[in-house]
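Here the structure comes first, spelled out in structure tokens, and everything after it is commentary.
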Amino acid sequence: MNDGRRIYLDHAATSPLKSEVLDVMMPYLTENFGNPSAEFYKEGRDAKIAVETAREHVAQAIGASVKEIYFTASGTESDNWAICGFARLNKHKGNHIITCSIEHHAVLHPCQQLEKEGFSVTYLKPDKFGRVSPNDIAAAINEQTILISIMFANNEIGTIQPIAEIGAIARARNIAFHTDAVQAIDTIPIDVDKLGVDTLSLSAHKFGGPKGVGALYIRSGTNAGSIMFGGAQERGRRAGTENVAGIVGLGAAIEIAAENAATKADKLKILRDKLIDRVLAEIPEVILNGHPTERLAGNTNFCFRYIEGEGLLLMLDMKGIAASSGSACTSGSLDPSHVLLGIGLEHEIAHGSLRLSLGEETTPQDIDYTVEVLKETVERLRLMSPLYNKGEI
Ligand SMILES: *Cc1c(COP(=O)(O)O)cnc(C)c1O
């Protein structure tokens, strides 16, 4: 037993706010309440300085300059901006966009919206590990192509994409390249120039910062337009009074995340591989989804045959373990994940999925306890499964 302790294994959905991040945010939720646009008095100027300091932290973390960083209200908004804002403004140059079928909905749904507005979108199919082929991207380019959007790492199966190779192709053809790096920043060092990306999205709550604040990197010279209209905040490109405390939190969190990315990755990989090895060895009829090596340090994703992921999640919760069947955005619906279907899994198998995403506070004991609970729970659920009992194995 784990004495009523909770084991949180859903860091891909959100991560706990770091206490040192909360500490630096706190004054901006209390006494330092000024509006950064009010530059004629100290309260406003102090808030402005705090926002600009956070901008420096973001720029430094990804090898950009401060004037290339824009704050938003979420990773979702950053993706919408990079896709809809850019495409609408550049429609006169062409109406074709290339993306991949297993992107986050924050990319797929803006693309679907653009199709209604007269754009044509190619949704490339990845291989069975979830990797997009740079050759497929090159082959999909036509004279109308203005934008390529490929995520850095998948939020469900953890597969890391060959971003630098895709960036080189985009640059050679003079096509803008967006990457959703929301899942990557805290375990993979990122340099926007080495990657050759033109826009890149981030979300604070995925790396120890607060919810409701994101950032978009826009390479200078790239005109990504706007999707929010109103005041002149963010150098006239993103209207709306800044979430000062949130931005300060994002800045503090990214400074810590970028500095510790490599050591955190080393630590998580050991735990991840222990979890994967034990599950594959000790539970029958299970498959690992995603790439065997090109995967996020904290990500595991399995399909257990003959059981429903939802049933498994409820039983894990009762045993103190917080897990996910895939994407937080689709849980609550009964459709299997578009990512698992996108890598070619059958509906029936995709239904038995479980994502366990590890984080800084995860311990080897958490992994051992989780494996024991999983062994017992999967067996119990299978004994109740009509498919399993028909002896179809
Ligand atoms: C979480 C996530 C988003 C959305 O970010 P929010 O800040 O929660 O809107 C976008 N893309 C990926 C890959 C994500 O994991």
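Excluded from the calculations below are hydrogen atoms, water molecules and symmetry mates; all remaining heavy atoms, backbone and side chain alike, are included. Atoms within each ligand, like the ligands themselves, are counted from 1 in listed order.
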According to side-chain contact (heavy atoms from CB on, under 4.5 Å), who are the partners of Ala106, at least two apart in sequence or on a separate chain?
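Here the qualifying residues are Thr76, Asp79, His104.
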Would you call the rings of Tyr8 and His11 parallel, tilted or perpendicular if under 30° counts as parallel and over 60° as perpendicular?
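Aromatic pair Tyr8/His11 classed perpendicular.
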Check side-chain hydrogen bond (donor to acceptor under 3.5 Å, both in side chains) between Ser353 and all other residues, then give those that pass, not counting sequence neighbours.
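Testing Ser353 for side-chain hydrogen bond (donor to acceptor under 3.5 Å, both in side chains), a comparison that skips the adjacent residues, returns none.
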By the salt bridge (Lys or Arg N to Asp or Glu O under 4.0 Å) test, which pairs, at least two apart or in different chains, include something from residues 158-176?
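Sorted result for residues 158-176: empty, none.
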Would Arg238 and Phe71 count as a cation-pi pair here, with the cationic atom under 6.0 angstrom from the ring centre and within 45° of the axis?
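No, Arg238 and Phe71 do not form such a contact.
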Every residue of the protein that comes under 4.0 Å of ligand 1, judged on heavy atoms:
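Contacting ligand 1 under 4.0 Å are Ser74, Gly75, Thr76, Asp79, His104, Met151, Asn155, Asp180, Val182, Gln183, Ser203, His205, Lys206.
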Got a sec: does the CD of Glu294 have more than 12 other heavy atoms crowding it under 6.0 Å?
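Enclosed: over 12 neighbouring heavy atoms sit under 6.0 Å from CD of Glu294.
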